[in-house]
Structure formats: C-alpha cells, structure tokens
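What follows is one structure encoded as structure tokens, with my remarks underneath.
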Amino acid sequence: MKRIYVNEAWCLGCHLCEYNCAFANSGLRDMASALKGRQIYPRIHVEGKDGVFFAVSCRHCEDPLCVKSCIAGAISKTDGVVQINREKCVGCLTCVLVCPYGALAPGENGAMQKCELCLQNTCGAPACVTGCPNGAIVYEEREAAV
Amino acid sequence: MKRYVIIGNGVAAVGCIEGIRSTDGAGEITVISAEPHPVYCRPLISYYLEGKTDLKRMLYRDGSFLANVGCTVRYGVRAESIDPLAKTVALSDGAQLPYDALCVAAGSSPFLPPMKGLESVAQKFTFQTLDDALALEQAITPECRVLIVGAGLIGLKCAEGLHARVGSITVCDLADRVLSSILDAAAAARVQKHLEAQGIRFLLGDSVAQFSAGSAEMKSGETVPFDVLVLAVGVRPNTALVKEAGGETDRGILIDERMATTLLDVYAAGDCAQGYDRSCGARRVLALLPNAYLQGHAAGVNMAGGDASFDRGIPMNSIGFFGLHLMTAGSYDGEMIAADSGDAYKRFFVKDDRLKGFILIGGTDRAGIYTAMIREQTPLHTVDFSLLTSAATSAAFSPAVRTERFGGAV
Ligand SMILES: Cc1cc2nc3c(=O)[nH]c(=O)nc-3n(C[C@H](O)[C@H](O)[C@H](O)COP(=O)(O)OP(=O)(O)OC[C@H]3O[C@@H](n4cnc5c(N)ncnc54)[C@H](O)[C@@H]3O)c2cc1C
Ligand code: SF4
Ligand code: SF4
C-alpha cells in the first residue's frame, strides 16, 4: 500500500508540513483562522540534529504495536490504514509508550491523534506531501528498505 | 475441523481468537466467559466511574466482532477443570467440552488477605471487573467517605475514578510510598504530592489492624471512619485449572516462548501466565493489557498449527492521574542515569551497554523509542544516548537505521 516517506537529504527542516497537516485536519477553510496565534497539533513532526532533518509520521506498520496495545480498543487497522477512534480514546498514552517511531501525540483535547493519510479529511491527498516545498515527502508504494 | 476452546473472555482471549483466525479461518472456537459481558476494556473501569467513557464505548471490539470471526461465547459459565488426557474441559453448567487445542486466558483475581473484622464492613468492594465498578457506583454518594486499601495502580486509578463523585478518599498502603512496585521513592513522592493536591489523603507505611462498624483502626493507632471500603491489595494469577491438571505453575502458569504450558496442546496467555521478560531475562507475570493481547495472539497462531513466538514482553506502564502522566518500562537494573529537564523527572537504567528500564514523569513524548530500545536490546554505543536522555528522537540513530525504519515498509 502507499505510505508516506521522507527523504532526509532533501528535508529542509522548515516545519511547513506540520502547519499543512494541522490546517488539513482543522476542518477550516482558511489557514490563518485555523493556525494563527494557536498552538498547533500536527500529526507529522520534524526531528533532526546537526543540520540533518526528517519529518516523522505514522508508518502504518504491518504489525502495529499500537493497535495491539491500546487499552481502550480505540486503534484499528482497516485496509492497511491504522486509525484511531478518538471517541473511544481515554488519553492514557500507552500507544506513545509502545510506538517505536514516536508517531503519535495527543491532540488539543487530550485524545490521541496520528497520521491517517488524509483519508478522513477533505484533502484527497496527504497535505504534507502536496505542500512540501522541496519535494522531500512522497506518498508511494515501497517494499521494506532492507 | 479443529476445535478450539478458550477459557476467559478478556483481551488475551481476543488476541487468541484473532491469532487463530489469522491461520485457520474455519475451525470451531468456543470461549468460556465467567463474566456475563461481551469483552470490555478492563483498564477503563475507573474511566467509566469518572465519566470519561461509557458502557458502549468501553467494549473492546464492536458488536459485529463475534459474528465476523465466527466464534461462540458461553457467557456466565465457568470452566471447572481440565482433563488433559481426554482433552476436555468441564463446565459449571455440567457440559464437557472437547478440545483439540486449549488456551487458558483466565486472568487474575483480587488477593484478599485475612483482615480482622472485615466481616463487619457492609460496603466492601474489589476493583477488578465491570461488575465491581457498577456495584461500587451503586454504593457511593456525593458525601460518602471512601477508604482504599492499596496504593498500587488499581487502588490509585480507583481513587481517580471516584474523586469527583464522593466526599473524601483515604488511601492506605503497607509500603512507604505509592506505586511501590514501579516507582522509586522520588518519583513516588511526586505522584503522591500531585494526588494530595486533589484532596486525596494518604496513610503510607500503615495498615489496618482491625475493622469495626464504620471505621478502620490502623496499626499506627489512627482511626479512619469510612462508609465505603475498596480492597486493592493486589492480584493473583488464576493458575488453579492448569495446576490441578498437572501443569507446571509458579506465580503464574509457566509458558514457553510459544505460549505452550507443560500440558500437551494447552496454551496460556495474559495475566494468568508467566512468560519470558526480555528486560530481566527470566520468566515473570506481566499483568498488562498489551502483553495479554500479544501473548494471546501468539498462542492462537500456534494452536492453529502456525509458528509464532513472543519473547519480547517487558513490564511497562503508561498511566495518568489528574493530568500527570507517568511511564515506566523494563527493569531498574544497573547504573541509574538521572536526566531531569524542566518539570520532567527522568531516570534511565543502563547495564552492559543496553537500556534496561526507565521511569518518566512528564517528558513522555515519543517514549516508545526508549521502549523499543529495551525490547530490541539495542547496543547503546550505536546510538547518541546523551541526546536520547534529553529527548526521545530518531535523530539519535545512525542514518542507516533511519533508512531501515523510515525508508520502506515496516
Ligand atoms: C482497574 C485496572 C486498571 C488497569 N489499568 C491498566 C493499564 O492502564 N494498562 C495496562 O496495560 N493494564 C492495565 N490493567 C491490567 C489489564 O487490565 C490486564 O492486564 C488485562 O486485562 C489482562 O487481560 P487477560 O485477558 O489476561 O485477563 P482478564 O481481562 O482478567 O480476563 C480473564 C477473564 O477470564 C475469566 N475467568 C477466570 N477464570 C475463569 C474460568 N474458570 N472459567 C471461565 N472464565 C474464567 C475472568 O472472569 C475474566 O473475565 C488494569 C487492570 C485493572 C483491574
Ligand atoms: S502509530 Fe506507531 S506503531 Fe502504530 S502503526 Fe503508526 S508507526 Fe506503527
Ligand atoms: S492514548 Fe488513546 S489511543 Fe492511545 S492507548 Fe490510550 S486509549 Fe488507546
């Protein structure tokens, strides 16, 4: 299935993907009212050191530990996409404790959120990919890297 | 067609069902459920009292689950004994259920130490099942005084759940600190202070000498009047079925890395089982929900003739109390590295170039990166560990490791 991949040689560390993600999932039509002066809760985040940057979002693991570990049965996998039912989530952070990639974080109301490939919003395609100014993020089919 | 029987209807049982179905789509699965409820999220019983979930949302799987997986659940029925030679399970309704492969996923039971005068207490509860929570809910009033015996995870979660719905809460424990099995003294002091700020009172290093109508006389001499008593002293794995059938047990039912007990075609998983703990290299009961699912799943695959092993269990907890989040994992073995930053309390335990365990209060972002290092026993000389102690980040790994993790399907 298609997943999001980041080429760290091209990632500028500009954090635009974080803003595009927060906007895409805000349900609002105007970027300024969605983001201006607000704490944002993106589902992708940039990490890095010594001038090397990369954006991290959910890997949609073949064998997702978060799904098996959620104490509320709130995370499930359908057609390869790992999703959170935020109505069921109680914010215990067990999923944060088990995800090896650091891909989940709580949203504004404490319920967990993570990348759902922009399938739940109106973007049509992952907003981080579309908006990356350097083409560092791609949405494509790949095999295991090793 | 193969006949599978699962004793218990908790998360380990669901893991087992899903494990079986990943391998055998046709076999007949029967689940024996002592509790009269569809499988629910046991850890959510305190969130239920708190109003953060409800009976519908706390179901572990949605209503179509059983139909989809094709499995029969016998509610309100107990397994009484296992005959490993005849390969049958005797049920409390008189039936003898034959099996080709059996999984014991019977969980644990609250441990009730003998306590003087306990019979004089009218309103007393344990806090292990949904029915316990519903009964407790019936007993409480906005004015009532609650005494909770046990300052472990279950006692404190119960306190949080009851907090807004009762008059006062006192928690006592024989140990001199809260969460004594998972926190060191300094971390426990922080958590205790946070709970005390909510108005919860603690009597630590103290225990009940005697109950009399409406009050507890403590060993320290203090008298604690109360209306409702919750006993959360500890739990014991339900090992009797396997033990009586001749299987090996210790604290829990002993299982190998394929979840097999010493009885032929009998597997065990979850809170009743004692499997391998990767962080300490010995077999331990890991009474945690993720572990229950993962063990159950491995058992299911093997019962159906597949080949699954699960040897990466480690103790781990992520718990919040009134907005304060703490996480612990692994064993507190080896050199301790203190890495507090800002409000965050962070302790890492390192031995033989490996991360063995950690305690975090606050500073929990991306902590799964640490957990994975314990699970995988990552050599610390291959990572930037000083960066990791300041924040969990994949930037601490080599580019090659990052490519493996982020450059392809995982
Ligand atoms: C209040 C509370 C909070 C918790 N919080 C957390 C948390 O935050 N994180 C975490 O990881 N874990 C937590 N846990 C632990 C977690 O709930 C358990 O590890 C997990 O539910 C174990 O699942 P299991 O399937 O092994 O056992 P259980 O869920 O206990 O299921 C076993 C079932 O078997 C039934 N049974 C027993 N004997 C028989 C028999 N002879 N015949 C038929 N049925 C039988 C029992 O009635 C029970 O329903 C918490 C537990 C409690 C009580
Ligand atoms: S949240 Fe983490 S564990 Fe879960 S599917 Fe995504 S990357 Fe995997
Ligand atoms: S924080 Fe929410 S999604 Fe994550 S494990 Fe807890 S209940 Fe499940």
Side-chain angles (χ1 to χ4, degrees), chain A residues 1-9 45-50 52-74 76 80 85 87-106 110-111 140-146, chain B residues 11 14-15 18 39-44 47 50 52-53 57-62 288-291 293-294 297 316-320 323 325-329 360 364-373 375-376 384 387 391-396 399-400 402-410:
Chain A
M1 76 175 243
K2 280 167 105 175
R3 289 185 175 82
I4 288 171
Y5 297 100
V6 175
N7 182 344
E8 67 178 46
H45 63 270
V46 176
E47 294 177 44
K49 70 160 185 174
D50 304 337
V52 175
F53 298 99
F54 52 95
V56 175
S57 62
C58 172
R59 312 313 309 134
H60 297 277
C61 302
E62 304 273 339
D63 184 18
L65 273 176
C66 59
V67 172
K68 296 178 171 181
S69 301
C70 173
I71 69 162
S76 60
N85 176 345
E87 292 289 303
K88 291 188 83 179
C89 170
V90 294
C92 69
L93 305 188
T94 301
C95 50
V96 174
L97 179 64
V98 300
C99 170
Y101 307 103
L104 311 109
E140 61 188 30
E141 299 259 359
R142 285 192 193 171
E143 301 287 306
V146 281
Chain B
V11 165
V14 174
E18 293 180 349
V39 57
Y40 60 90
C41 302
R42 186 170 307 290
L44 297 206
Y47 296 85
E50 214 182 335
K52 285 197 172 166
T53 187
R57 280 184 290 163
M58 71 192 284
L59 292 178
Y60 187 60
R61 288 288 185 262
D62 67 25
L288 300 160
L289 185 139
N291 202 58
Y293 185 92
L294 289 159
H297 196 274
M316 57 179 181
N317 287 281
S318 176
I319 336 164
H325 281 287
L326 54 123
M327 292 185 180
T328 64
L360 304 173
T364 54
D365 289 355
R366 299 186 292 278
I369 292 174
Y370 301 137
T371 315
M373 289 171 60
R375 204 187 302 118
E376 309 296 332
D384 181 345
L387 175 63
T393 170
S394 298
R402 271 203 303 281
T403 302
E404 186 184 311
R405 295 191 181 176
F406 297 107
V410 287

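We name chains A, B, ... by the order of the sequence lines, and we start the count at 1 in each one. Quick note: numbers below take in every heavy atom, side chains included, and nothing from hydrogens, waters or symmetry partners.
- One finds the OH atom of A:Tyr5 at 12.5 Å from the OG1 atom of B:Thr403 (value rounded to the nearest 0.5 Å).
- If you measure heavy-atom distances from B:Ala409 to chain A, the contacts under 4.5 Å come from both the backbone and the side chain.
- Contacts of A:Cys89 with chain B are absent, with no heavy-atom separation under 4.5 Å from either backbone or side chain.
- The part of A:Cys99 that comes within reach of chain B is its backbone (N, CA, C, O), which places non-hydrogen atoms under 4.5 angstrom from that chain.
- Between B:Leu289 atom CG and B:Asn317 atom CG the span is 11.5 Å, to the nearest 0.5 Å.
- Within the 4.5 angstrom heavy-atom criterion, atoms from both the backbone and the side chain of A:Glu62 approach chain B.
- Using a 4.5 Å cut-off between heavy atoms, A:Glu141 makes no contact with chain B at all.
- Heavy atoms of B:Arg375 lying under 4.5 Å from chain A belong exclusively to its side chain.
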Does the pair A:Glu140 and A:Arg3 meet the rule for a side chain to side chain contact (heavy atoms under 4.5 Å, CB included), with working shown?
CA-CA 6 Å; A:Glu140 61 188 30; A:Arg3 289 185 175 82; over 6 Å; no
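- When heavy atoms are compared at a cutoff of 4.5 Å, B:Ile319 approaches chain A solely by way of its backbone atoms N, CA, C and O.
- When heavy atoms are compared at a cutoff of 4.5 Å, B:Asp62 does not approach chain A at all.
- A salt bridge between B:Arg402 and A:Glu47 is absent, with no side-chain N of the basic residue lying under 4.0 Å from a carboxylate O of the acidic one.
- Interface remark: B:Phe406 contributes backbone and side-chain atoms alike to the contact with chain A (heavy atom separation under 4.5 Å).
- Using a 4.5 Å cut-off between heavy atoms, B:Leu387 touches chain A through its side chain atoms alone.
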Step-by-step side chain to side chain contact (heavy atoms under 4.5 Å, CB included) determination, A:Val90 to B:Leu44
CA-CA 8 Å; A:Val90 294; B:Leu44 297 206; 3.7 Å; yes
